[in-house]
Enquirer: 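Below are the structure tokens for one structure; questions will follow.
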2 protein chains.
Amino acid sequence: MTTIKDIARVAGVSITTVSRALNGYSDVSEKTRRRIQEVAKELKYSPNAVARSLVMNRSKTIGLLVSEISREGAKDNFTFEVLCGINDRVAELDYDLILFNTNSAQQKVKSYTQLCRERRVEGVILQGIKTDDPYLEEVIESDIPCVVVDVPITGNKVGYVSTDNVDGAKKAVQYLIDLGHQQIAMMNGHEKAFVSQKRKEGYLATLEQNEIPIKEDWILNGEFREEQAEKVALYFLRNHPNVTAIFCASDLMALGVLKAAKTLNIRVPSQLSVIGYDDIVLAEYATPSLTTVAQDKYQIGYEAAGLLIDLLAENETNNARILKSNLKIRQSTDFNKKA
Amino acid sequence: MTTIKDIARVAGVSITTVSRALNGYSDVSEKTRRRIQEVAKELKYSPNAVARSLVMNRSKTIGLLVSEISREGAKDNFTFEVLCGINDRVAELDYDLILFNTNSAQQKVKSYTQLCRERRVEGVILQGIKTDDPYLEEVIESDIPCVVVDVPITGNKVGYVSTDNVDGAKKAVQYLIDLGHQQIAMMNGHEKAFVSQKRKEGYLATLEQNEIPIKEDWILNGEFREEQAEKVALYFLRNHPNVTAIFCASDLMALGVLKAAKTLNIRVPSQLSVIGYDDIVLAEYATPSLTTVAQDKYQIGYEAAGLLIDLLAENETNNARILKSNLKIRQSTDFNKKA
DNA sequence: ATGAAAGCGCTAACAA
DNA sequence: TTGTTAGCGCTTTCAT
């Protein structure tokens, strides 16, 4: 493999000059620079980013830590779309992305800090992390610049990107109320996700605002999983025939609810309105298609990468970026016919 | 940041001894090793993988080049699932994955070889690459170990992973014929995908075997895109009311066909049978759910990573891994009622 | 405008 | 068992 040493030898200059010429420094005569570039091309030279990283102490890579990058995530294209956004923005800024192993048992031994330091990434993006993940504490303690998706932590060089989940939930629940619904249950995700807490907050606030009594046992836990939501909904719907609408904290869970309703011969939306959250691809294709609170997942990733790099460049004061969400009305909601 | 030099100083040994102790070499007394490990922990040492890569000339990273890692790919969870498989296998083998920028215009300037050499990746996995992509030639020419998904090229340290596309197509078309269909069109993808060529081959072979006349203009080009397939199907179905079944080279295109049929008030499957390919998540949720040739996308990725690492270790003779595909029968196919 | 030399953090002969 | 030394490929003072 060609090195600048080889180029220097062939071009008859010092390695210093080669380095300078190739990096576009001004203190190299045009003639020398051209000569060097020629030789470099001739010798098929590729700079060694590893060596450069070592000496510059800048790797031009940012790490990506996805908690659940598994087949589960495939249904839910959330992770993938976020990844696309990150990838695009990172590419624009001429960084590369390194995907960390977190699901391997062997690797889980390594702490977050170790993982990042070893690879000398300049910063990290965390996605899909639960609020009780030990990594989260480390993020704050460590001095590694970091952006977290959907968990509101900030600090020195630590920021986050999220959508306004309270607002999203409010929009959904208010829409149901406007359709005449009063008996509205919520299928929430596990409490270890920050978004669950926020969406619940929005749900509760909206009921209160509309003077609808809150029933704690109408807040179900579907664990963000389709099957779990189906199971829970099955039980709930059987025992609460008066419910007319369910607000779900994810589309996947809404799909589960749809299945449960079908099993019980409850027609959606005429007998039961269902709203999801996220606007995953399936939402549009489900039968009936899902009314949902849409998040721009790609944008979340794009902003996360952008924020991180701003953090690295120290030209960022605002450590949080909150995106808008909007209600997408489809076929799974309708006027309350029981009213 | 702590280095082995610091550890050496504190522990009162040479840096060599530290290196050896930390890397588990046997020629270090247990006492010294323990002492060194203690100090390392105390000083919160993390090895510098960059420095190690430089000196060992082994980066323990493999590069991932995805041609179309964009929002488009989200519907089609293909890429993501392959990625999951790669990620898992790579993690097991203690490598990290680096995602290359290919979609950025600025980066497209860099050749494949440059990209890989710069980062000193030990090998590369290529996914979603078209047969006319200039990168593909480079793969053969360059000496960088590489595994390509779904393009059958082999060479020194170059292999590929794919499913048996001829066989998959045969299964699908034979199934249609067994249902009594004789007028079977094919919605193919663009010819720049190897899988298109193979699936077409399977389609043609099966018709021939069953002595069904082949009509070249019954092979449509949906470009692997839903909208394009819909458009093409709309036109075709209008002009060929006698067609009773369409075999599609991807589920996404099958979805497009479904839409076209709906527009024309052609009922699926009673008036028209549709088979897809891939078994993407949507296939199951579409209405009607899609009969399709299922590929284990996760396994493709898993095998690709495994093959690459075997190639690196030089303990691999077989440079191709072909996975089985199987027909998943759902609701979009039925007996030919016109027979 | 160019070069000599030091050093980034680490591994690996070679010596002792 | 341990230490000395060289060097991976590059950037960067500091001279010239």
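Just so we're clear, the structure is a prediction, and the values are computed from it rather than from any experiment. Numbered from 1 within each chain, the chains take letters A, B, ... in sequence-line order.
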Enquirer: Show me the donor-acceptor pairs within less than 3.5 Å that the side chains of residues 302-313 of chain A make with the rest of the protein, sequence neighbours left out.
Expert:
unit_1	atom_1	unit_2	atom_2	d
A:Tyr302	OH	A:Arg89	NH1	3.4
A:Tyr302	OH	A:Glu92	OE1	2.7
A:Tyr302	OH	A:Glu92	OE2	3.1
A:Glu303	OE1	A:Arg321	NH1	2.8
A:Glu303	OE2	A:Gln299	NE2	2.9
A:Asp310	OD2	A:Arg321	NH2	2.9

Enquirer: Using whole Å, report how far CD of B:Glu30 lies from P of D:dT2.
Expert: 10 Å

Enquirer: Does this structure show an ion pair linking A:Glu122 with A:Arg58, if we count only N-O contacts that are shorter than 4.0 Å?
Expert: yes

Enquirer: Are side-chain N/O atoms of A:Glu138 and A:Thr113 paired as donor and acceptor at under 3.5 Å?
Expert: yes

Enquirer: What verdict does the side-chain contact (heavy atoms from CB on, under 4.5 Å) test give for B:Phe224 and B:Val195, after you've listed the backbone C-alpha separation in whole Å, the side-chain angles of each residue and the deciding distance to 0.1 Å?
Expert: CA-CA 11 Å; B:Phe224 282 121; B:Val195 295; 3.9 Å; yes

Enquirer: Taking DNA chain D as the partner, which of residues 32-63 of chain B come within under 4.0 angstrom of it by heavy atom?
Expert: B:Thr32, B:Leu54, B:Val55

Enquirer: Dump the intermediate steps for side-chain contact (heavy atoms from CB on, under 4.5 Å) on A:Tyr45 and A:Ile4, then the final yes or no.
Expert: CA-CA 8 Å; A:Tyr45 171 73; A:Ile4 51 169; 3.4 Å; yes

Enquirer: Output every pair passing salt bridge (Lys or Arg N to Asp or Glu O under 4.0 Å) with a member in residues 8-24 of chain B, not counting sequence neighbours, ordered by first then second residue.
Expert: B:Asp6-B:Arg9

Enquirer: Any side-chain donor-acceptor pair under 3.5 Å between B:Tyr112 and B:Glu137?
Expert: no

Enquirer: Could you list by number each residue of residues 6-23 of chain A showing a heavy-atom separation from DNA chain D of less than 4.0 Å, or answer none if no residue does?
Expert: A:Ile15, A:Thr16, A:Ser19, A:Asn23

Enquirer: For DNA chain C, which nucleotides open and close the run of contacts to chain A, 5' to 3', at under 4.0 angstrom from a non-hydrogen atom?
Expert: C:dA1 to C:dG9

Enquirer: Angle between the end axes of the helix from C:dA1-D:dT16 to C:dA16-D:dT1, five pairs per end, to the nearest 10 degrees?
Expert: 40°

Enquirer: Inspect the contact between B:Asp96 and A:Arg119 and indicate whether a charged nitrogen and a carboxylate oxygen are less than 4.0 angstrom apart.
Expert: yes

Enquirer: Can a salt bridge be assigned to the pair A:Lys157 and A:Glu314 using a cut-off of 4.0 Å between side-chain N and carboxylate O?
Expert: yes

Enquirer: Salt bridge between A:Arg33 and A:Glu30, side-chain N to carboxylate O under 4.0 Å?
Expert: yes

Enquirer: Measuring only between side-chain heavy atoms, which start at C-beta, is B:Gln127 closer than 4.5 Å to B:Leu65?
Expert: no

Enquirer: Distance alone, cut at 3.5 Å: any donor-acceptor contact between the side chains of B:Gln295 and B:Thr163?
Expert: yes

